[in-house]
Amino acid sequence: MKNLGILMVAFFMVATSAFGQKKSVQLTPEQRATKQTTLLTKQLSLTADQATKINKAILERIVGIDQIKTKYQGQKSKERNAEIREMRISYLQVMKNVLDGPQFDTWHKSYKNKIGKPAKKNVKIQSKAVAEDEVENFF
């Protein structure tokens, strides 16, 4: 009877740890851009022309930031941050040109909230605050 109890406890421990692990699937830049565009299309009621232009801008931003991260290989330096900042500013400019007034206002509020929140990763909160100030001062 003792062995059966020990066996049951061991089984539950193994079963819970096996089901608790999630496999993360790495999406391609095109898939990530399409996913974000679909979300924005639903949120902002984009036209087909706007969706195409935004998908292109999102894809350029994703590919550019991935290239910058690969270039610096995990090192966080002022040059890396400056290049990423330039990418964000050019992305904001494209969004401002493509979206109309109410659409841009809605998107900009959600974008500021996204930048203002600390990421789940181990990122300094100060860098998020600086990025939010830059976005606010940009417009």
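- At least one side-chain heavy atom of I58 sits less than 4.5 Å from a side-chain heavy atom of Y91.
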- Between Q93 and I89, is a side chain to side chain contact (heavy atoms under 4.5 Å, CB included) present by the stated rule, with each step listed? CA-CA 6 Å; Q93 189 62 45; I89 290 172; 5.7 Å; no
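- Shortest non-hydrogen contact noted between A33 and I62 is N-CD1, 3.8 Å.
- The shortest distance between side-chain heavy atoms of I68 and M87 falls below 4.5 Å.
- Between T34 and N55 the shortest heavy-atom distance is N-OD1, 3.7 Å.
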- Message: Under the criterion side chain to side chain contact (heavy atoms under 4.5 Å, CB included), I'd like the reasoning laid out for V63 against E30: C-alpha separation, chi angles, the key distance, then a yes or no.
- Response: CA-CA 9 Å; V63 169; E30 292 81 11; 5.6 Å; no
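- Looking only at side-chain heavy atoms (C-beta outward), Y111 and L92 come within less than 4.5 Å of each other.
- A pairwise comparison of heavy atoms in K71 and E83 identifies NZ-OE2, 3.2 Å as the closest pair.
- Counting heavy atoms from C-beta outward, M95 and L40 have side chains that approach closer than 4.5 Å.
- To the nearest 0.5 Å, the span separating OG1 on T38 from CD on Q36 amounts to 10.0 Å.
- Between the side chain of E60 and the backbone N or O of A57, no donor-acceptor pair lies under 3.5 Å.
- Remark: R85 CZ to R80 CZ distance equals 11.0 Å, nearest 0.5 Å.
- At a threshold of 4.5 Å between non-hydrogen side-chain atoms, the residues Q26 and R32 count as touching.
- At a threshold of 4.0 Å, the pair R61-D66 does not count as salt-bridged, since none of the basic side-chain nitrogens sits closer than that to a carboxylate oxygen.
- For T47, the side-chain contact (heavy atoms from CB on, under 4.5 Å) criterion is met by D49, Q50, not counting sequence neighbours.
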- Task: Show your working on side chain to side chain contact (heavy atoms under 4.5 Å, CB included) between L99 and L46 and close with a plain yes or no.
- Result: CA-CA 8 Å; L99 298 174; L46 300 177; 3.4 Å; yes
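- Partners of E79 by side-chain hydrogen bond (donor to acceptor under 3.5 Å, both in side chains), not counting sequence neighbours, listed by chain and number: S77.
- To the nearest 0.5 Å, the span separating CG on D105 from OG on S110 amounts to 11.0 Å.
- Summarising the geometry, atom CD belonging to Q103 is positioned 15.0 Å from atom NE2 belonging to H108; distances are rounded to the nearest 0.5 Å.
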